[in-house]
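To start, the structure under review is shown below, and the notes come after it.
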Amino acid sequence: MDINMKIDKTVDWLREKVKEANCNGLVVGVSGGIDSAVVCYLIKKAFPDNSVGVIMSIKSNPQDREDALKVINGCGIKYLDLDLTKEQTSILDTVVAGLKDNDLYNENNQKISDANLRARVRMSTVYTVANNLGYLVVGTDNAAEVHTGYFTKYGDGGVDLIPIANITKREVYEWAKVLGVHEDVINKAPSAGLWEGQTDEAEMGTTYDMIDAVVEGRLDEVPQKDQEIIARLHRISQHKRETAPAPPKF
């Protein structure tokens with residue numbers, strides 16, 4: 001099946017899911033990265049008049065907002081441009097102060113706590129928009145990110161639909177070109193924008209090409225070192241791909 005047909009089928013699927021949920025449309029957070037760009041274009045195709053992109057800056061690199069606007073303007077979607085730095089900082093500072101007051105604070109986990117809180121504040125914001133409009137929240141994780149758990153639980157992983165969850169990172173780039181995503185977004189290094197200089201591949205310790213190969217079963221193309229890293233990431237993130245466990249009935 002060619003890319004255009006896959007895109008059309010995905011757009012049809014999005015429409016079906018909205019109808020099943022008795023909702024009005026779709027909303028997605030737009031980060032300036034390629035995954036959210038592709039999803040932004042998809043939801044605009046699915047619901048030209050009932051789709052919204054939300055830019056949510058939190059201590060962000062200004063370039064990410066500029067790239068997000070290129071996506072917004074490129075597909076012509078309605079959008080909100082929100083700066084949530086003050087809100088995220090307020091929550092983080094309040095929690096840290098409470099932990100320190102009770103002699104519980106762990107400095108070693110401050111960086112990841114800050115990063116994950118950014119994702120969770122964004123999730124709450126997108127759902128506030130969705131609730132107001134009667135829309136579903138659309139996620140942006142691709143197959144490589146789902147396999148490795150490279151998303152924040154109840155953050156960017158907290159969504160209603162994940163339309164690109166079955167396509168590799170390589171395919172995301174192919175879809176982006178077909179959809180007409182801006183070259184600047186296609187050419188930038190994948191990053192969650194969690195801190196200065198952060199990139200996905202440096203943080204994971206392997207490349208998307210290697211993860212794609214594992215997802216597609218081409219293990220003979222993946223060095224043992226990368227196989228071990230990817231297997232570990234998949235194993236320790238299993239809880240992210242499952243609903244919260246409950247005990248048996250006693």
Donor-acceptor pair, distance only, cut-off 3.5 Å: does the side chain of K78 make one with the backbone of D49? yes

Side chains of residues 137-145: which donor-acceptor partners sit under 3.5 Å, not counting sequence neighbours?
from, atom 1, to, atom 2, distance (Å)
N142, OD1, A144, N, 3.0
N142, OD1, E145, N, 3.0
N142, ND2, D35, OD1, 3.0
N142, ND2, D35, OD2, 3.4
N142, ND2, E145, OE1, 3.3
E145, OE1, N142, N, 3.1
E145, OE2, Y208, OH, 3.3

Consider only side-chain heavy atoms of I, L, V, M, F, W and Y, link residues closer than 4.5 Å, and tell whether V126 and Y79 are in one cluster. no

Quick check against the 3.5 Å criterion: does D226 have a side-chain atom that pairs as donor or acceptor with the backbone of V222? no

Can any side-chain N or O of N24 pair as donor or acceptor with the backbone N or O of L133 at less than 3.5 Å? yes

If you look only at pairs with a residue in residues 80-91, which of them pass as a salt bridge (charged side-chain N to carboxylate O under 4.0 Å, His left out), with sequence neighbours excluded? R65-D81

What closest approach, in Å, do Y135 and L26 show between heavy atoms, and which atom pair accounts for it? CD2-O, 3.4 Å

Are the side chain of T152 and the backbone of N116 linked by a donor-acceptor contact shorter than 3.5 Å? no

Just by modelled atom types, is the I58 backbone N or O under 3.5 Å from a matching donor or acceptor in the S60 side chain? yes

Short side-chain donor-acceptor distance under 3.5 Å, Q238 and R235: no

Testing the 3.5 Å rule here: is there a donor-acceptor pair between the side chains of Y127 and D160? yes

Do V185 and I55 share a hydrophobic cluster, counting only Ile, Leu, Val, Met, Phe, Trp and Tyr and linking them when any side-chain heavy atoms are less than 4.5 Å apart? yes

Summary of side-chain hydrogen bond (donor to acceptor under 3.5 Å, both in side chains) pairs that have at least one residue in residues 5-14, sequence neighbours excluded: D12-R15

Heavy-atom donor-acceptor pair, T207 side chain to M210 backbone, under 3.5 Å: yes

Tell me, which pairs form a ring-ring contact (aromatic ring centres under 6.0 Å, His included) where one or both residues lie in residues 214-236, sequence neighbours left out? H147-H234

With sequence neighbours excluded, residues passing salt bridge (Lys or Arg N to Asp or Glu O under 4.0 Å) with E221: R218

Can you tell me if Q110 uses its side chain to pair, donor with acceptor, with the backbone of E107 under 3.5 Å? no

V52 to I43 - nearest heavy-atom pair and separation: O-CD1, 3.8 Å

Looking at N102 and L104, would you say the former's side chain and the latter's main chain have a donor-acceptor pair under 3.5 Å? no

If you apply the rule salt bridge (Lys or Arg N to Asp or Glu O under 4.0 Å), what do you find for R170 with E174, and how did you get there? CA-CA 7 Å; R170 183 190 71 255; E174 293 171 352; 3.8 Å; yes

Smallest separation among heavy atoms of S31 and A68, with atom names: C-CB, 4.1 Å

Got a donor-acceptor contact below 3.5 angstrom from the N187 side chain to the E183 backbone? yes

The salt bridge (Lys or Arg N to Asp or Glu O under 4.0 Å) partners of E20 (sequence neighbours excluded) come to K17

Is a donor on one side and an acceptor on the other found under 3.5 Å between the side chain of K44 and the backbone of S51? no

